[in-house]
Amino acid sequence: MLAPHLPMLQVVVPLLMAPFVVLLRPRGLAWAAATMASLMAFAIAIVLALSVVGDATLTYRVGGWMAPYGIELRVDAFGALLLLVITGASSMALLGGQRSLERALPPTREPYYFSAWLLALTGFVGIAVSADAFNIFVFMEVSSLASYVLIAGGPDRRALSAVFKYLIMGTVGATFYLVGIGLVYMMTGTLNLADMAGRIEAVADTRPMIVAAGFITVGLALKAAIFPLHIWLPNAYAYAPHVTTAFLAACATKVALYVLLRFDFLILQQHLSGHAFQFAGYLMPLAVLGILVGSGVAMFERDLKRLLAFSSVAQIGYMLLGASLVSVSGLHAAILHMFNHALAKGGLFLAVAAFAAVTSGWRLEQIGGIARTMPWTFAAFVVCGLSLIGVPGTAGFLSKWYLVTAALEHGALGIALVCVILLSSLMAVAYVWRMVESACFAPDFDAETDADSTPNRDFAAFSHLLPTILWIVALANLYFGLANALPLELAKSAARTLLGGLP
Amino acid sequence: MDILGLYHYWVFAVLLMTGFYAIVAKPNLIKKLIGLSLFQSAVFLCYITFGKLAGGTAPIVGKGAELFSSPLPQVLILTAIVVSISTTALGLALVLRIKEAYGSIEEDEIQEQDAP
Amino acid sequence: MSTITLLFSIFLLTLLMITTMAIVRTRNLFVAVMLMGIASLLIAASFFLLDAADVALTEAAVGAGISTVLFLGALALTSERERSPSSLPLLSLGIVAIVALIVIYATFDQPPLGSPSAPVQAHLTPWYIESTRELIDIPNVVTAVLASFRGYDTLGEVIVVFTAGVGVLFLLGTGASASAAGAPLSEDNAGLRHYLIPRILGRLLIPFILLLGFYVQFHGEYSPGGGFQAGAIVAASIILYSLLEGEQRALLVIPQGVLLAMMVGGVLLYGAVGVAGLVLGGNFLDYSVLDSDPVKGQQWGILLIEIGIGITVAGVLISIFHAFASRGAA
């Protein structure tokens with residue numbers, strides 16, 4: 001009865017809960033409602049993912065109008081995998097984050113914050129299921145505006161300047177995207193992605209199309225934090241509330257990358273001659289630079305969150321590198337890494353949230369001794385860190401392995417790329433080791449001597465939910481590293497679809 | 001008609017870049033937001049321009065007219081205008097908070113205060 | 001297009017270019033905001049000449065109206081002059097010039113403006129115009145496309161407005177902090193009460209503005225108009241009242257709780273109509289199933305969601321204004 005409406009419900013559930021949450025004044029009720037909505041969305045995403053196994057695609061006509069006259073929703077393997085990442089990250093972060101957020105936010109404004117969280121969730125899933133270029137823009141702006149609000153909730157005043165920079169760059173990116181699809185619309189007369197793919201052949205090599213491709217790519221690259229347009233990311237992730245960073249780091253940039261890949265592979269590459277080479281030619285160097293610069297700076301960062309943020313820039317570089325190989329195996333690696341990175345990075349940021357509950361800060365100097373005081377949390381942190389490096393047995397290893405094998409298909413260039421991957425993995429070992437070393441061997445943090453620290457060591461009041469969630473995520477890293485069934489399937493299917501064109 | 005059409009697009013290009021220049025070059029945060037607003041308005045002009053049909057009229061049926069300009073770009077831009085004002089409102093709220101937190105709304109002064 | 005309209009268009013566009021360059025160059029932000037209002041009206045006029053009446057109305061109401069108020073509100077609380085000169089002007093000019101050239105480069109292969117064979121005109125437009133006549137039976141095709149054919153986009157748009165409202169309220173708090181109900185009116189918060197002429201004229205104008213707002217709301221299916229424009233106009237009238245009579249009076253007239261209810265209620269109304277479509281057997285936002293006659297159902301659906309849009313937009317814009325206005329007083 002409800003089954004055919006699931007793609008729509010994926011968006012409607014968080015969308016309609018968001019205004020409702022604003023009205024919930026009693027403390028904790030807003031959080032509970034938001035978590036419930038997020039979990040429902042997660043459940044829907046799981047059902048959707050299981051329904052699209054085997055190269056199936058679900059479509060939905062909103063308003064009952066046929067595409068391209070109306071707006072169509074389309075869930076395929078790629079979208080389903082992304083939905084799992086988005087809703088999963090949101091649910092895990094919310095479940096574990098109640099105490100952490102309560103400490104960061106002014107109490108009267110909590111309902112607004114959780115409403116914004118659900119709005120961000122709505123935006124992300126709206127992008128993932130949409131099959132209409134302008135609809136993607138609208139939900140992209142929903143998610144962006146909501147993200148700005150979420151990041152601005154950080155207690156440090158630097159959150160505000162970070163968000164402002166993000167706002168400016170993000171809106172420029174969205175507007176570039178709008179210009180791009182405006183030009184495409186002018187040349188093809190349609191906004192539906194499938195229809196566009198069909199009509200583009202006729203106008204393939206005209207100048208507006210080439211310029212449009214450029215604008216769309218740059219606009220989405222800004223949102224996806226591709227080097228060198230990544231400069232908004234480190235500060236935004238560092239100064240947001242901790243579990244918010246866990247949520248956003250897991251999915252925000254991936255969604256933009258998803259749109260970029262869909263546009264490039266399904267529409268532009270199929271029909272614009274030479275576009276494949278342009279795509280690879282421009283984006284591969286940027287990917288490599290992103291990987292090297294991101295890992296490099298991370299090695300020298302002393303602020304834990306900024307370190308992990310720069311690491312994210314590098315990881316996005318990996319995904320872009322896989323995509324720029326323009327092969328099924330390359331795309332497979334890239335898409336799989338979207339999933340695995342979300343697991344690893346999400347877990348790491350959740351761990352930082354746990355640490356921050358008892359330390360006076362999250363610089364390397366301040367987490368000393370945490371390995372002893374919070375051994376289980378620290379162990380989970382180490383597991384996620386190993387997954388980030390790509391140690392065999394963890395999820396991160398699988399995506400790096402597939403990336404390496406995909407690169408090796410390209411001869412001499414491939415060997416150079418593999419060197420880059422190995423070098424950056426070594427750098428990852430370096431920065432993960434720095435964090436582990438500080439946690440184990442640095443002098444014990446001492447909250448008493450810190451003048452401005454509020455009673456942080458509230459172990460008793462500290463929710464046990466966060467370490468539990470953290471362990472679930474850490475175990476997921478191990479599970480998907482050893483028995484990588486569903487995401488692997490979906491990623492393979494997605495890669496095939498992207499290179500084979502829309503069904 | 002062709003000259004007029006091209007002139008519209010060139011004005012769009014000039015507007016786009018004027019706004020973009022303000023965003024990139026001006027350190028004052030409110031100036032940046034003004035530039036952002038202009039930048040987005042330029043895009044609106046572009047979309048509406050290519051919706052126009054020669055000899056057509058506004059797409060409201062029933063006044064005896066037969067040829068209508070395309071309603072779709074208008075719908076898209078209605079949405080885009082609202083998105084633009086929403087972003088501006090949020091941006092201005094941020095500027096107010098930044099002014100209270102830093103005492104300044106000039107980007108270089110803020111960066112100086114942030115540098116560790 | 002006749003010669004006169006042609007010349008007028010060129011005139012408007014040239015004036016627009018000059019105005020925007022002046023906006024960027026001037027160091028006085030108050031001047032910049034005023035010029036922005038002018039630029040917005042010039043763009044609205046251009047839209048009107050390009051047959052986009054609905055968009056012209058929205059641009060005037062939102063761009064020249066609300067946007068100016070918000071910027072002025074922000075200026076009042078920060079500073080009126082830019083302190084530093086441009087940073088890296090030559091580099092920025094360089095980047096900007098390159099991108100401008102790229103855009104101009106793109107204009108050379110485009111279908112000529114106004115040509116009936118352009119893909120925009122030929123592909124989807126005839127279907128929309130025909131189907132509006134047949135399936136929805138309202139004169140304003142733009143409203144039909146906005147509210148029904150692409151109603152999902154419009155739902156997204158309402159959500160964007162709602163997000164802005166939530167965001168501003170989160171960042172600045174509600175406007176109710178400085179004024180307790182029943183407290184005597186303080187001198188600072190008294191608005192423009194000392195100035196007789198604005199008050200008298202304002203009191204005359206406000207009912208008419210409100211009436212215009214309601215007219216635009218309900219007549220949106222027959223003429224340019226609809227929820228967004230109506231919401232902006234109604235908000236403008238309340239903002240005018242607040243400027244004239246002071247914040248506290250305005251919050252007595254429409255308290256913060258009511259504003260919040262408006263913000264939330266409009267979105268939920270829109271969503272409810274969508275879910276009703278789902279429950280009654282169609283898809284989400286399918287209005288044809290709302291009534292036994294599908295055409296009537298479409299009209300009901302459009303009417304209801306436009307009301308929802310109007311309520312949310314008015315609520316959000318007034319809330320944002322109060323949040324700005326009471327920030328300085330606090």
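Below, read A as the first sequence line, B as the second, and so on, with proteins coming before strands; counting in each chain starts at 1.
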Please classify the contact between [X] and chain A as side chain, backbone, both or neither, with a heavy-atom cut-off of under 4.5 Å.
X: V168(C); answer: neither
X: Y128(C); answer: side chain
X: V289(C); answer: neither

Closest-packed option against chain C by number of heavy-atom pairs under 4.5 Å, given [options]:
options: P111(A), G189(A), A212(A); result: G189(A)
options: L150(A), V138(A), V179(A); result: V138(A)
options: P106(A), P68(A), A120(A), G214(A); result: P68(A)

Write down the atom of [X], the atom of [Y], and the distance for their closest heavy-atom approach.
X: L268(C); Y: P19(A); value: CD2-CG, 3.9 Å
X: V142(A); Y: G156(C); value: CG2-O, 3.8 Å
X: R109(A); Y: F170(C); value: NH1-O, 2.8 Å
X: G271(C); Y: L16(A); value: CA-CD2, 3.7 Å
X: T190(A); Y: L124(C); value: CA-CD1, 4.1 Å
X: H123(C); Y: T188(A); value: CD2-O, 4.2 Å

Between [X] and chain C, with a heavy-atom cut-off of 4.5 Å, which part of the residue counts as in contact: side chain, backbone, both or neither?
X: F215(A); answer: side chain
X: L73(A); answer: side chain
X: M8(A); answer: side chain

In this structure, CZ of R207(A) is separated from CD1 of I102(C) (nearest 0.5 Å) by 13.0 Å
As an exercise, state the distance from CG of D153(C) to CD1 of I71(A), rounded to the nearest 0.5 Å. 3.5 Å
Flag side-chain contact, heavy atom, 4.5 Å: [X] against [Y]:
X: L171(C); Y: V149(A); value: no
X: L15(A); Y: L155(C); value: yes
X: F162(C); Y: L145(A); value: no
X: R150(C); Y: L191(A); value: yes
X: V264(C); Y: F20(A); value: no

Can you label the angle between the W127(C) ring and the Y69(A) ring as parallel, tilted or perpendicular, going by 30° and 60°? parallel
Does the N283(C) side chain pair with the main chain of V62(A), one donor and one acceptor, at a distance under 3.5 Å? no
Using modelled atom types and a 3.5 Å cut-off, is there a donor and acceptor pairing between side-chain atoms of Y60(A) and backbone atoms of F284(C)? yes
If you take the centroid of each ring, where Trp contributes its six-membered ring, are F139(A) and Y152(C) closer together than 6.0 Å? yes
Check this for me: does any side-chain nitrogen of one of R61(A) and D286(C) sit under 4.0 Å from a carboxylate oxygen of the other? no
Hey, are W65(A) and S148(C) close enough side-chain-wise for a donor-acceptor pair under 3.5 Å? yes
